[in-house]
Asks: 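Got a structure here, written out as structure tokens. Questions coming.
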Amino acid sequence: MASTPSLTQSFEVTVVGGGLGGLTAALALRQRGVRVTVLEQASELGEIGAGIQTAPNASRILLGLGLRAQLAAIRTEPLDQVRRRWKDGSVIGLTPLGEFCKRNYNAPYWHYHRADLHRVILNACVDPNGPGPVVVVRTDSKVTGLDRTDPARPVAVTADGTRYAGDVLIGADGIRSAVRDLMGAPDTLEFSGEMAFRALIPGDLVAADPATRWLVDRYQSTIWYGPDRHLVHYMIRQGEFLNVVGCVPCTDEVAEKWTVASSAEALVEAFAGWDDRVPAMLSKAKEDVACFALYHRRRDPVWMDGHVALLGDSCHAMLPYQAQGASQAMEDAAVLAEELGRVTGAGIEGALRRYVDRRAKHAGMVQEASVRNMAFYHLPDGPEQEARDELLRRGFTGESD
Ligand code: FAD
């Protein structure tokens with residue numbers, strides 16, 4: 001049975017991957033008194049230059065980790081989410097966010113620059129004045145091997161041969177997880193056939209043009225629905241950037257390379273024929289436009305084996321059609337820390353099993369709903385699309401878990 005949590009647990013956890021999922025797990029474990037080492041393959045920790053949103057389910061977890069003041073300095077709060085038809089921009093749905101979320105879900109809906117959010121969580125992990133033992137972060141540490149000679153002390157082996165033994169090993173190493181392969185989990189990777197254009201458009205350019213000024217007058221989150229593609233945009237850093245994500249059919253080059261640098265011209269071209277407000281906005285993108293192939297993982301309940309477990313994209317990479325990938329990783333982190341924080345060394349395997357029991361079903365439902373949303377968002381013009389728009393007008397917001 002679970003024992004009382006103590007501020008200094010006797011065991012240690014190795015987290016492979018210092019992305020949003022791995023760092024949130026490290027921070028949540030630290031706060032339960034667990035000693036954590038994060039192994040990150042990159043020479044510097046960070047995130048790509050793009051926006052990210054946390055719905056109340058994830059904002060609540062971040063606030064629960066004591067980050068209120070730090071998040072207040074980096075977040076932008078949208079008033080509502082507006083849904084528009086591709087051809088004429090007519091409003092087909094309006095979902096209140098802002099105060100509505102705080103009142104009804106007791107947590108906010110927030111937008112951030114990814115690098116800001118990542119930095120806030122990292123700083124809390126390594127802050128010497130925080131609760132519990134400081135998280136040790138090792139960069140330039142690509143995990144390429146796993147030694148389970150002693151099943152209770154899994155050892156992560158990095159490319160240079162360094163060995164990191166711990167009582168628990170968590171694979172938070174993203175969609176192409178090495179830990180997942182090393183633990184022998186099934187290959188569940190799938191290609192959606194789509195790619196996402198991502199761009200950060202300078203807010204001052206948007207504000208200076210009467211044709212796009214409306215974007216900064218209200219902090220709205222906007223989704224445009226069109227045949228076989230859709231476009232999402234919202235402000236981050238209080239208007240410093242307009243974050244844009246455009247999901248379209250994937251080119252062969254992007255499917256093969258996963259990430260390819262692109263241009264404002266290609267982005268405008270991808271949405272040719274859409275309402276005039278769309279090219280007016282997209283043409284302001286600068287040189288940092290890029291395309292990302294949208295791969296995801298099939299639902300899979302195999303997240304652990306003995307003292308090794310997966311978290312985040314390594315076990316439930318999902319399409320971004322609910323903006324929930326990192327948020328689900330944060331939910332994983334909170335539950336993992338809760339379960340591990342309750343046990344002593346002998347109870348680790350049971351704690352990991354409870355973690356998977358509590359998380360895999362829900363994350364799997366979100367994965368599947370995100371796949372269904374791809375078809376729902378991209379209906380061709382015609383009766384099915386009209387029926388969908390009618391649903392949106394009545395307040396339906398797409399598939400959710
Ligand atoms: P990652 O972010 O991939 O981090 C994995 C880390 O592990 C990386 O730092 C990597 O370098 C490291 N690593 C990999 N292999 C090794 C190894 N062998 N050894 C050591 N380190 C290794 N989610 C949301 O919640 N809200 C959103 O608004 C949202 N928008 C999105 C928009 C788009 C277009 C896309 C594509 C996704 C979006 N997501 C969103 C999903 C979200 O980005 C991911 O689900 C999330 O970043 C996954 O976090 P992670 O920590 O599991 O993996």
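Model, not experiment: these values are computed from the prediction. Just follow the structure's listing: the first ligand is 1, and inside any ligand the first atom is 1.
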Asks: Does any donor atom in the side chain of His296 or Asp313 lie under 3.5 Å from an acceptor atom in the other side chain?
Replies: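 Distance-only check fails for His296 and Asp313.
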Asks: Around atom CD of Glu190, are there more than 12 heavy atoms from other residues, nucleotides or ligands closer than 6.0 Å?
Replies: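 Enclosed.
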Asks: Report yes if some N/O of Gly325 lies less than 3.5 Å from some N/O of ligand 1; otherwise report no.
Replies: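 Yes, at least one N or O pair falls under 3.5 Å.
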Asks: Could you tell me whether some N/O pair between Gly312 and ligand 1 is separated by less than 3.5 angstrom?
Replies: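 In this structure, Gly312 places no N or O atom under 3.5 Å from an N or O of ligand 1.
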Asks: I'd like to check whether Tyr234 has a polar contact with ligand 1, where a contact means an N/O of the residue lying under 3.5 Å from an N/O of the ligand.
Replies: no
Asks: Taking atom types as modelled and ignoring hydrogens, do the side chains of Arg297 and Thr188 form a donor-acceptor contact shorter than 3.5 angstrom?
Replies: yes
Asks: Looking at non-hydrogen atoms alone, which of Met318, Arg114, His111, Arg138 comes nearest to atom 39 (N) of ligand 1?
Replies: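 Among Met318, Arg114, His111, Arg138, the closest heavy atom to atom 39 (N) of ligand 1 comes from Arg114.
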Asks: Quick check on Asp127: does its CG atom have over 12 non-hydrogen neighbours (other residues, nucleotides or ligands) under 6.0 Å away?
Replies: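 Above 12, so yes.
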Asks: Looking only at N/O atoms, are Lys142 and ligand 1 under 3.5 Å apart anywhere?
Replies: no
Asks: Is it the side chain (CB and beyond), the backbone, both or neither of Ala172 that lies under 4.0 Å from ligand 1, heavy atoms counted?
Replies: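 Under 4.0 Å from ligand 1, Ala172 contributes backbone atoms alone.
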Asks: Looking only at heavy atoms, is any part of Leu39 under 4.0 Å from ligand 1, and if so is it the side chain, the backbone, or both, or is it neither?
Replies: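 Within the 4.0 Å criterion, Leu39 contacts ligand 1 through backbone atoms alone.
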Asks: Indicate yes or no: does an N/O atom of Ala178 lie under 3.5 Å from an N/O atom of ligand 1?
Replies: no
Asks: For ligand 1, which is the ligand I care about here, please tell me if Ala323 has any N or O atom under 3.5 Å from one of the ligand's N or O atoms.
Replies: yes
Asks: Is Val16 in polar range of ligand 1, meaning some N or O pair under 3.5 Å apart?
Replies: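 No, there is no polar N/O contact under 3.5 Å.
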Asks: Given the rule in the side-chain contact (heavy atoms from CB on, under 4.5 Å) test, do Thr212 and Asp209 qualify, once you have shown the distances and angles that lead to the verdict?
Replies: CA-CA 5 Å; Thr212 49; Asp209 182 350; 3.3 Å; yes
Asks: Would you mind reporting whether Val248 and His230 have side-chain heavy atoms less than 4.5 Å apart?
Replies: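 His230 does not reach Val248 side chain to side chain.
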Asks: Using non-hydrogen atoms of the residue, decide whether Ala42 is closer than 4.0 angstrom to ligand 1.
Replies: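 Under 4.0 Å: no for Ala42.
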Asks: On a heavy-atom basis, I'd like to know which of Glu40, Glu47, Gln324, Met330 is closest to atom 11 (O) of ligand 1.
Replies: Glu40
Asks: Measure from the ring center of Phe292 to the ring center of Trp258 and say whether it is less than 6.0 Å.
Replies: no
Asks: Quick check on Tyr105: does its OH atom have over 12 non-hydrogen neighbours (other residues, nucleotides or ligands) under 6.0 Å away?
Replies: no
Asks: Take atom CG of Asp160 as the centre, draw a 6.0 Å sphere, and report whether it contains more than 12 heavy atoms from other residues, nucleotides or ligands.
Replies: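 Result for CG/Asp160: enclosed.
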Asks: Looking only at heavy atoms of Gln328, does any of them come nearer than 4.0 Å to an atom of ligand 1?
Replies: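 The answer is no, since Gln328 has no heavy atom less than 4.0 Å from ligand 1.
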Asks: Check each of Ile48, Val143, Thr139 against atom 18 (N) of ligand 1 and report the one with the nearest heavy atom.
Replies: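 Among Ile48, Val143, Thr139, the closest heavy atom to atom 18 (N) of ligand 1 belongs to Val143.
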Asks: Does any N/O atom on Asp313 come nearer than 3.5 Å to any N/O atom on ligand 1?
Replies: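 Yes.
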Asks: Can you tell me which portion of Ser177 lies within the under-4.0 Å heavy-atom range of ligand 1? Options are side chain, backbone, both, or neither.
Replies: neither
